[in-house]
Novice: 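My questions all concern the structure below.
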Amino acid sequence: MGAYLVRRSFLMILTLFGISVIIFVLLRLVPGNIVDILFDAAGMVNPREKLKIERELGLDRPLPVQYLTWISGLAQGDFGYSYVSEKPALEEIGPRIPVTAKLAVLALVVSVLLGVPLGVVSAVRQNTPTDYVLRVLSLSGLSIPAFWLGLLILMACVAWFGAIPIYTEPPASLWDELLLLSVPAAAVGFRSSALIMRLTRSSMLEVLRQDYIRTARAKGAAPRSVNYEHAFANAILPVVTVIGIEAAFLIGGLIVTETVFNIPGVARYLVESIRWRDYPIVQNLVMLIAVVVVVVNFAVDLLYVVLDPRIKYSG
Amino acid sequence: MHGADYEAELTRAGAGIRGAGGHFRHLVRRYPLGAAGAVIVTLLVFAAIFADVIAGFDPTSTDATRTLARPGAAHLLGTDFMGRDLFARIVHGARISLAVGIGSTALGCFFGVVIGLASGYLGGWVDLLVQRLIDILQALPLLVLALVMAAALGPSLENTIVAIAIPLIPSVARVIRSNTLTLRELPFVESAKTVGMSELRIVLRHILPNTMAPLIVLATAQLGAAILTEASLSFLGLGIPEPHPSWGRMLSESAAEYVRTAPWLVLFPGLAISLAVFGTNLLGDAVRDMLDPRQRGG
């Protein structure tokens, strides 16, 4: 186990290093930098002025030097400055994290509460009308773009209440905030619940075919107990894995949903800073997302050992 | 076994089917949802091919006198803020969706197959390198990687296809690699080696054809994801540029402000995306059930 942990940690660092290089190079491929955009917007073309700003931002230095500056800064907790607001990146990103984190947790709660029970029901009633309805529902959940679902919800709000729920800053109370976030969370969560539901269903079906389930039925255990105790306990393990995939899946949904609902979180900020060529912000945000995904997946692997004593990792 | 059960089982398995019509009816009965998906996808392809005939209007011609017209006799689905016919734009949008969907899936699968075969068959340091690269690419959500890619390449149809294709590569490479690892050890590969077949020929003639079933399953599943990602990219303004009628782009123009004033501009493009992805997903599920018996009913 110890060797395994060391190996996994090493691979995690290697992965994050790879991402940092890829992101850095990709961003430098972008035609036009922040200075071009600012100058286009201002409409003035003074090459000397432009060079001066590029030098100030360090954009004139060779790429490897720029990369090393960024990485060594990161290692010391220096995240650089936003080109747009000229504030430290940490100050810009920091306050947006709790907003997105709350939204993500709410969405995850929605998706698990919706996805797991419906998946189990769908499997237990395989090939009945209930199963078909649920399967079509989950497939449509996977097919509807999160941003359109968000727009539909906004439309329903206009039709029923004559108003659009706007995220106010700062929110009056935590309760108010959670209430406001619950609408976009439902939009993101519905989509993710479809994924969880499909996985729960196929995992349950797999377990229900096992010999020990037949044994349980043969010895006369109540159907309810067989389905929900014997089978469910064994079927839930692969579902835990999906939460790792879910982390990546959720972030995709959050990006568009925060844009639709105008929520000042990190996901919307990523899109804005990509548009503005705000390299320090984009780099750090992408790294943040990568760290979250990698760490969540690692945690899920470890959770496996806790949930299933049969699994042992060796170096 | 009861006689009736046995008969039913045989019918389900497709015994006693005669002719192409019989096969068709059997497939429809066996996979009703898949058949529905096939109908939707056929409609989509039909709309894309005959867009010019069906549309009735030019999707890019503006009309200042008829902006934000409600759906009605003149304009079936209404017009947008520039007076462009929404129905024409949605029909032409099928072209964009399909072009990006099929283009990026094909591109992603091609490179995924090449990399997966090389990694699985050659092993050694190639495999090690490929595995780490896959880890790296998979640590970023599809949309995040596609966003950065799209921004790096600049907005155009071709670049959007590439931006979506690259994040699709690792999952294909992974599946093909693990399949190749199993196939490599099988007797028919060994006998091909014994008779002196070249390595490249073994890979292309013996390994590749045997990875086709999982590849087709994966490709149909990714088609929907690719269409959805294009819609998201264009919605965020980093995908297909104006004046191309992309469904996602239509929603970003209309977004929140038209929710109040012109709901048809929000309703129909979103419906088009959802229907297209829903159709490919239904079809994908049926294809998986057909080709991958282990997952049947899953």
Side-chain angles (χ1 to χ4, degrees), chain A residues 11 14-19 22-23 25-31 126-127 132 135-136 139-140 142-149 151-152 154-155 157-159 164 198 201-203 205-206 247-253 255-256 259-262 270-271 274-275 277 282 286 289-290 293-294 297, chain B residues 32-33 36-37 132-133 135-154 224-225 227-229 231-232 235-238 247-248 251-252 254-256 258-260 263 266-267 269-271 273-282 284-285 294-298:
Chain A
L11 285 181
L14 202 65
T15 303
L16 291 175
F17 167 72
I19 289 174
I22 288 183
I23 282 311
V25 171
L26 272 180
L27 285 178
R28 268 62 187 182
L29 284 178
V30 179
Q126 190 191 5
N127 293 334
Y132 272 100
R135 279 169 73 183
V136 170
L139 253 191
S140 58
L142 282 177
S143 310
I144 294 173
F147 55 91
W148 189 55
L149 193 59
L151 287 170
L152 285 186
L154 286 183
M155 223 180 218
C157 288
V158 170
I164 287 175
R198 280 164 71 89
R201 180 176 180 276
S202 57
S203 173
L205 285 179
E206 184 82 40
F249 204 68
L250 265 181
I251 292 166
I255 289 177
V256 287
T259 306
V260 170
F261 287 90
N262 241 335
L270 175 69
V271 179
I274 287 179
R275 284 210 196 105
R277 312 278 189 269
V282 180
V286 171
I289 291 171
V293 173
V294 169
N297 277 306
Chain B
L33 292 179
R132 293 289 79 76
L133 264 175
D135 276 355
I136 291 169
L137 286 179
Q138 287 204 322
L140 285 178
L142 173 58
L143 188 58
V144 172
L145 192 54
L147 262 177
V148 180
M149 285 273 169
L153 297 167
I227 293 177
L228 214 50
T229 309
S232 302
F235 169 75
L236 295 170
L238 288 159
W247 293 336
L251 285 170
S252 85
S254 53
Y258 292 131
V259 159
R260 239 179 250 274
V266 179
L267 218 50
L271 210 56
I273 302 170
S274 307
L275 206 62
V277 180
F278 188 59
T280 52
N281 280 344
L282 282 179
D285 269 17
R294 279 167 306 167
Q295 297 254 328
R296 195 153 283 172

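We name chains A, B, ... by the order of the sequence lines, and we start the count at 1 in each one. The shown structure was predicted, so the numbers you read here are calculated from the model rather than taken from an experiment.
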Novice: Which atoms form the tightest heavy-atom contact between A/Arg198 and B/Asp285, and what is the distance?
Specialist: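 For A/Arg198 and B/Asp285, the tightest heavy-atom pair comes out as NH2-OD1, 2.9 Å.
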Novice: Chain A heavy atoms under 4.5 Å from B/Leu267: which part of the residue, side chain, backbone, both or neither?
Specialist: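 Backbone plus side chain of B/Leu267, per the 4.5 Å heavy-atom cut-off to chain A.
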Novice: Scan for side chain to side chain donor-acceptor pair (under 3.5 Å) pairs involving residues 136-154 of chain B, sequence neighbours excluded, and state none if there are none.
Specialist: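 Sorted pair list: B/Gln138-B/Arg174.
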Novice: Any heavy-atom pair between the side chains of B/Leu145 and A/Val286 that's under 4.5 Å?
Specialist: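 No, their side chains stay 4.5 Å or more apart.
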Novice: Give the minimum heavy-atom separation between A/Trp148 and B/Val266, together with the two atoms involved.
Specialist: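 Of all heavy-atom pairs spanning A/Trp148 and B/Val266, the closest is NE1-O, 2.8 Å.
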Novice: Tell me, for A/Leu250 versus chain B, whether the close heavy atoms (under 4.5 Å) come from the side chain, the backbone, both or neither.
Specialist: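 For A/Leu250, neither part sits under 4.5 Å from chain B.
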Novice: Below 4.5 Å from any heavy atom of chain B, which atoms of A/Thr259 appear? Answer side chain, backbone, both or neither.
Specialist: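 Just its side chain gets close to chain B.
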Novice: Is A/Val256 close to B/Leu236 at the side-chain level, that is, under 4.5 Å between some pair of heavy atoms?
Specialist: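 Touching, per the 4.5 Å side-chain cut-off.
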Novice: Of the non-hydrogen atoms in B/Asp135 and A/Thr15, which two are nearest, and what is the gap between them?
Specialist: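 Heavy atoms only, the tightest pair is O-CG2, 3.7 Å.
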Novice: Testing the basics here: between A/Leu14 and B/Arg132, what is the closest heavy-atom pair and its distance to 0.1 Å?
Specialist: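 Minimum heavy-atom contact is CD2-CD, 3.4 Å.
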Novice: Show the nearest heavy-atom pair for residues B/Leu228 and A/Ser143, with the distance to one decimal.
Specialist: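 The pair with the smallest heavy-atom distance is CD1-O, 3.7 Å.
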Novice: Pick one of side chain, backbone, both or neither for A/Leu16, based on which atoms fall under 4.5 Å of a heavy atom in chain B.
Specialist: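 Interface part for A/Leu16: neither.
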Novice: List the atom of B/Leu143, the atom of A/Gly252, and the distance in Å for their closest heavy-atom pair.
Specialist: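 Closest heavy-atom pair between B/Leu143 and A/Gly252: CD2-O, 3.4 Å.
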Novice: Measure the shortest side-chain to side-chain distance between B/Phe278 and A/Ile144 over non-hydrogen atoms and say whether it is less than 4.5 angstrom.
Specialist: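 Not touching, per the 4.5 Å side-chain cut-off.
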Novice: Which region of A/Tyr132, side chain (C-beta onward) or backbone (N, CA, C, O), has a non-hydrogen atom less than 4.5 Å from a non-hydrogen atom of chain B, or is it both or neither?
Specialist: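 A/Tyr132 touches chain B through side-chain heavy atoms alone.
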